[in-house]
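So the structure is just underneath, and the comments pick up after that.
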Amino acid sequence: MHPVFLETFGCQMNELDSELVRGQLSTLGYRFVNDPAEARVVLFNTCSVREQAEQKAYSRIGIVGKRKAAGETIVLGVIGCMAERDGVDLLRRHPQVDLMCGPAELDRLPQLIDNALRTQSAEDAMVLSREERTALAGNRSRRSSTLAAAEDNLETLDLSRAFDDQSIGGARRSAQVRITRGCNKFCTYCVVPATRGAEIHRPPDHIVEECRRLAEAGALEVTLLGQTVNHYRYEHGLAVTVDGRQAAQVGPGLTAFRSAPPASSRVTTFAQLLRRIHDEVPQILRLRFVTSYPRDFGDDVLAVMRDCPRVCKYLHIPAQSGSDRILKLMNRGYSRGEYVDFVQRALALVPDVCIAGDIIVGFPTETDDDFEQTCSLVRELPFKNNFIFKYSPRPGTVAIDRFADDVPDAVKRLRNNTLLAIQSETSRRVHAAWIGRTVDVFFSDVRAPRVSRERSEDESAHENAGTHASVMELPQLSAAGSVGVKALHASRAHTVDSGSTCWQAVGRTSGDLICSAFAATESTAQKMVGRIAQMRILASEPLLLRLNAIPPDF
Ligand code: 5AD
Ligand code: SF4
């Protein structure tokens, strides 16, 4: 069967979509290859959130175009957010593209590929109609809540997920499960409501079942995905039932969080969903969720985070700005004060919770004073990290129509760098506070040593900086399979960074702090991948905790 190359750009939601596409096409007999040169079908799963992400995809489309012009027979498909945002315009401007499929229509992808393959192999090249080449939602997904729910074929795609090594990240034993799709928040800068459509909530039974099957396939960590996960809310008995199954349901909107549900209805809230998965699938040792919305984040969710040991103490909850004026222009629906109150409530209720977020600099009309408000927010709150983005005007958003992109790029760049430096100092403080503690680390990757030419420079730099520790502790395997810490003497420990001269096993704490442990050999480091071990934190850097080394006999 035809070899397929699939490249993914953008967020975790896109990664999950790609996994589902891979499963769906593999079931139909397609074979996936790692080299685009070997592929008969090339698919790009694209991202539209910032212009830069789109540019990357366009350059890939250009490369395939050249190959096709040189006579190669390739089916080129653009799937994901760019397909939805650009619509048929993309087909007109890039004739080398054979098919397009938006993120809300991925169940129709096999048909589109089949159409394109059959056309290319026909003796007389047939011309496909636009409908035979594209599957885009347009505005359909916002037309009516019940209609959209009944027509929701994507639920079938989520349900038909293959539970193999691929879906649990191979040795990494980490998987993702969607709980909501789309978004109803309409932040003025954001293209997601236009590309992914209305907020659709999956039935809790389907989500729990998916988690159970992933756990049975070997997943130790599950991340629940949604654009605004804490707004998950499923009203039972309301959605249309398709083939005797519960259907996914359009989100109720913000008013649902203002009052208690009517006594007659049975609702599953996000807090209840989280607790159900925690209690009913205890094989999942780490249960995460991203992304949270700073508005209407109830204490009920914080209580579940505090009380359920397998729910990770981590919140990715983007502030976007520290200025009330800019937050209003962004249509975020909360003030800086409300954001700070929430984070303080979380820190008070959930011991050791780690906070991360996203920030946009250079939003239209942002003044030095607005920017200073953002800087002070990043100094004031213990963010473990923030992803910082320069505002990028996106077609299809409210902001591009309403506001001129009036902050010069040089100013955006300067603000970006200034904020990165402030964040680095905040991160340094947050990470340093963990030194001396023993934590569970879920190892997911191995980092190779740097080549020998650089080694000497690297080592001397570290020695000069005086970062070597004099005591190193080695972990011990406990009966339960996790590792207990035993203090041992050791000659030396090393500074952890990407330029290290040793093999390193890299993992994360429950709060998503990145950790690294040295190993004498590659195989010792590899053995840690997919395992949760109790480790001692010896030192820290702004974005890294340095752990005790892994003993060779581990
Ligand atoms: N420009 C810059 N950053 C953006 N983001 C979303 N839209 C834009 C845009 N138009 C950022 C937000 C969001 C993250 C995923 O991407 O910070 O939280
Ligand atoms: Fe975009 Fe705002 Fe929805 Fe997040 S909450 S996906 S930023 S519209």
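For ligands, and for the atoms within them, numbers begin at 1 and follow the listed sequence.
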If you count the atoms of ligand 2 from 1 in the order shown, which ones are under 4.0 Å from a heavy atom of [X]?
X	result
V192	6 (S)
T228	5 (S)
P193	8 (S)
C183	3 (Fe), 5 (S), 6 (S), 8 (S)
Q227	6 (S)
Y189	7 (S)

Exercise. Should you measure from each heavy atom of Y391, which atoms of ligand 1 turn up under 4.0 Å away?
Worked result: 1 (N), 2 (C)
Seminar exercise, completed: Short version for F186: what comes under 4.0 Å of ligand 2, heavy atoms counted, is backbone
Exercise. Do any N/O/S atoms of C187 come under 2.8 Å of atom 1 (Fe) of ligand 2?
Worked result: no
Exercise. What about Y189: any of its N or O atoms under 3.5 Å from an N or O on ligand 1?
Worked result: yes
Exercise. If we only count N/O pairs under 3.5 Å, is S392 in contact with ligand 1?
Worked result: yes
Pair [X]-[Y], side-chain donor/acceptor within less than 3.5 Å:
X	Y	result
S376	R336	yes
Q423	T426	no
Y339	D324	no
T228	R295	no
R332	Y334	yes
T268	H236	yes

Nearest protein heavy atom to [atom], by residue and atom, and its distance?
atom	answer
atom 1 (Fe) of ligand 2	C190 SG, 2.3 Å
atom 2 (C) of ligand 1	K390 O, 3.3 Å
atom 5 (N) of ligand 1	R50 NH1, 3.5 Å

Exercise. Closer than 4.0 angstrom: is that true for some heavy atom of R196 and an atom of ligand 2?
Worked result: no
Exercise. Parallel, tilted or perpendicular for Y293 and H231, by the 30°/60° rule?
Worked result: perpendicular
Exercise. Should the ring pair Y232 and Y234 be called parallel, tilted or perpendicular, given that the plane angle runs from 0 to 90° and is split at 30 and 60?
Worked result: parallel
For this session: Quick one: look at Q320 and ligand 1, take heavy-atom pairs under 4.0 Å, and tell me if it's side chain, backbone, both or neither.
Result: side chain
Problem set entry | Distance (rounded to the nearest 0.5 Å) between L543 CG and S427 OG | 5.0 Å
Exercise. Think R233 forms a cation-pi with F270, using NZ or CZ under 6.0 Å from the six-ring centre and within 45 degrees of its axis?
Worked result: no
Seminar exercise, completed: Ranking D358, V191, V49 by closest non-hydrogen atom to atom 18 (O) of ligand 1, top hit is D358
